[in-house]
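One structure is given here, and the rest of the page talks about it.
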Amino acid sequence: MTDMTLDEAVKWLRDHVGDLRSAARVLRESPWGAKLAATAAEVDKAADEATLAIAALEAARAEAGALREALEDIRSRSSIDLAMRSDQFELTARLGDIHQIADAALANETKA
């Protein structure tokens with residue numbers, strides 16, 4: 001259970017929240033329900049905490065997606081800004097850098 005993806009962790013938590021709730025219900029409905037009430041309450045509390053963890057994971061995933069989109073937008077705007085510059089020498093130097101990086105990447109790709 002150590003190398004889970006985020007989706008696997010959320011699924012695992014969802015699956016086990018139901019198990020926790022069922023266990024608490026069984027404890028309360030057992031012949032010893034009065035004696036096990038505190039234990040049932042702790043199990044319910046664990047299920048509530050797991051539900052909060054799921055919500056936090058889903059919120060983090062949504063925020064990561066929004067940040068990823070914002071980064072792509074910033075990169076796109078930077079490319080537009082670079083293309084619109086009037087300093088032709090700087091533009092030529094930057095384009096030369098881009099071509100060198102691309103050539104190096106292609107050379108490494110053909111070696112692999």
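What you are looking at is a predicted structure, and each value in this text was computed from that prediction instead of being measured. Just so you know, these numbers use all the heavy atoms, side chains as well, and skip hydrogens, waters and symmetry mates. Start at 1 with the first residue, then count along the sequence.
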Rounded distance (nearest 0.5 Å) linking atom CG of L67 with atom CD of E72: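 Here the interatomic distance stands at 11.5 Å.
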
Got a list of side-chain donor-acceptor pairs under 3.5 Å for residues 46-55, not counting sequence neighbours?
{"unit_1": "D48", "atom_1": "OD1", "unit_2": "R21", "atom_2": "NH1", "d": "3.1"}
{"unit_1": "D48", "atom_1": "OD1", "unit_2": "R21", "atom_2": "NH2", "d": "2.9"}
{"unit_1": "T51", "atom_1": "OG1", "unit_2": "A47", "atom_2": "O", "d": "2.9"}

Through direct or indirect side-chain contacts below 4.5 angstrom among Ile, Leu, Val, Met, Phe, Trp and Tyr, which residues connect to V26? none

Does L36 sit in a hydrophobic cluster with other residues, and if so which ones, taking ILVMFWY side chains as linked at heavy-atom separations under 4.5 Å, directly or through other members? L20, L27, W32, V43

Determine, for D44 against R25, whether the closest basic-nitrogen to carboxylate-oxygen distance falls under 4.0 angstrom. no

Measure from the side-chain N and O atoms of E8 to the backbone N and O of T5, and report whether any donor-acceptor pair falls under 3.5 Å.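 Present.
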
How about D7 and R61: do any of their side-chain heavy atoms sit closer than 4.5 Å? yes

